[in-house]
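Notes for the one structure printed next.
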Amino acid sequence: MAQRRRCEWITERLHDWLRGTLPASQAEEVRRHLEACASCQKEERFLRNLLQTARSLPRLAPPPTLKTAIWARIAQAQRPQPTQRWAWLRPQGWARPVLRWGWAAGVALLLVMAWHFWERPRPRAALEESAPMVMEAAPAPQAVEPPAASTALPAMPKEEKAPGLAPPVRLRQRPSPPKATKTPPPPMGAKPSPPRLVLPPPPMEQARIALPPETTAVGEAPAPQAPPIAEPPKAPPQPLETLRETVEPQPLELQRPAAHEEEKARPSPAPREPEPKSRDFLSPRMALPMRRAQEGVPSGAAGMPGATFERRLEPEAIPELELALSRPLRPRVTSTLTLRMRSLVPLSGSLRVFVEEPGLGMEVVGRGRFRALEEQVLWEVMLLPEGSWRQEQLRLYPRRDGLHRLAIEWRPVGREEWMRLWTLLLPALEERGGTPGSYQAQGEPLQQALALWSQRTGLAIALWNHLNFPVQALWAAEAPLAALQQWGKAVGLRVEQRGFLVLIRPMGAVSTERSLAPP
Amino acid sequence: MAAKPDFEEEWLLERCRRGEREAFDELFERYLPLVYNLALRLLDDPETAEDVVQETFLRVYQNLPRFAGRSRLSTWIYRITVNLCHDEHRRAGRHPTPFSLLTAAEEGEAQEWMERIPEEGMGPEDQVLRKERQRVLWQAVQRLREPFRTTLILCDLEEWDYGEVAEVMGVAEGTVKSRLNRARRLLRKELEPFRELFEGGERPSP
């Protein structure tokens, strides 16, 4: 009896034992019992096979079209129903059957009236002429044939309208909102996107961020004309007919599986706005600090204690702009701050931010046009010895989705300043595990050296796309993100892109807050 | 379950909340196979599973801005999937075409997403045996009634931990355990006629 109860206790735990989730003490007990008990062994074999079979059940790869279908479903869900426009004209509730029969009643009434009016002159004639005339009135029902024929008429306009049926649906998807007058045309203007696939932003964002069509189209039609959305923003609304023509009438192929891949594969379009300067800014090759350093930039920062934001707004811009520092800056080499800008209208203007500390100081100047209504910008601000850095400029970083990000350009004042900076930093770095250079001196390749150094010091290396940080990390800016990530994986670093920012950190939990205090 | 800090996922979420299409794409990419296979197991019908997957991601897309992050993102997505599967199950009643998961896999209509348990060293007999076992097991699982079927699928086939199953099914962990025990007993009963099939020796698992 006791043995049986024992076996029951064991079999209850066999599942967990086989899955390895049984506490160690119990697992040991089960193991010992199994060695001795034949019936439990049998049970264990049964369960083991069951579990193996369960694990061997197939897992299928989702059909390749499924993702496209999801996007199509999303687009469909966001599109207002085509019937809604005239829905208010539709009879509702009790009115529906009444009106339906009302039509019949109306037609009947018409017939009666036609008959009546046809007949009306007749009595007079009947009075004047003979009774056979009344017999002639028999063809009178023919008089209603014109109405009968006219009921056939709608068929013709229908045929005319048929090709235009799809476009109205599309037009409704992209009602040109008043906001559109403020947003410049999106960069993908030259390529029409099938509006059926228009992807509106998720509900909460809808009011705030206007996604450009490029990001919204799942499939791409090869038709070359400009779609309505590419119209100049302030153009008066076009009449329906002309708009219909601009939309290519080709049937949409929502399910085309390759559509999305095509879109992905297409190189990102050149931004519409002319930006000769930010172009070179975007290219990491052009923006290496060391190269800038040789140019030399005149100095002249005004010293202000504490962190100050100065709002200097251009006339048309920014009625409401919140600027908030994530926390007060401390006099250390690196400090992270979050600048949160929130505005009720698309921003357009320049932004000047001074971050000054007595003794340690730098200036950040922001300029440029902002289109996003809400933008969170992470800055890793380096507070450096005064005079070593000059005029960091905030620039716009055009992105594929049309939202502009800020990027910061750093300019070391000159080579001497760089050297001064390094002599200042080196002792602190060495104290924490040397410099990448020292590892390189030991024969490690640069990447390995950087990784070792980073792991030893626990220092996060923050890179902007065009990079500003330790000189040894410059090479990284020139590598595409995928390559960086691959490298990171190999050497134990985590490479992530956060907006315009590329973060390289050791895989372990290392706080980016850790930074060097100036000696 | 306490939300684990997952930097990558948080950042992905943040981007999704901003309405970045690419972020959603990434999110879909990440969860599509998982959600699809979950739906496939719960519904055993590829077509309906596709429907459910679409609906799941539509809801994810619509509700993500309101997702507060109290549970893990995966848990939240799975809960949507499981609920939709339940609705679908309730609507369709008993499934009319059983074993389509296995048929789909066998017919090679669909590529297998995950490697099965390695089959090297397995003779043709073993393979036949395994297929037969799969068929019998899958059939038996599908015959279980709710909520035992779902509990068993999530716990023993998907091998989730009890806490996650509890969260996804919206019940207490204790309930999951008792349901699972019951489900295992029921499954056992279903498999009783095939006992020999499972007692035979395949290689013991490592």
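Scope of the values below: all heavy atoms of this structure, side chains included, with no hydrogens, waters or symmetry mates. In what follows, every chain begins at residue 1, and chains take the letters A, B, ... in the order their sequences are listed.
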Engaged part of B:F194 at the chain A interface, taking heavy atoms whose separation is under 4.5 Å = neither
inquiry  = Which label fits A:W71 and B:Y61: parallel for a plane angle under 30°, tilted from 30 to 60°, or perpendicular past 60°?
reply    = perpendicular
ask   = Under 3.5 Å, is there a donor-acceptor pair linking the side chains of A:Q41 and A:R45?
value = no
Among B:L32, B:T81, B:D51, B:L38, the one residue meeting side chain to side chain contact (heavy atoms under 4.5 Å, CB included) with B:T56 = B:T81
query = Which bit of B:L180 comes within less than 4.5 Å of chain A, counting heavy atoms only: side chain, backbone, both or neither?
reply = neither
ask   = Checking heavy atoms, do the side chain of B:L137, its backbone, both or neither come under 4.5 Å from chain A?
value = side chain
Heavy-atom side-chain proximity of B:E164 to B:S74 below 4.5 angstrom = yes
Chain A interface, residue from B:L157, B:D156, B:L64 that has the most non-hydrogen pairs under 4.5 Å = B:D156
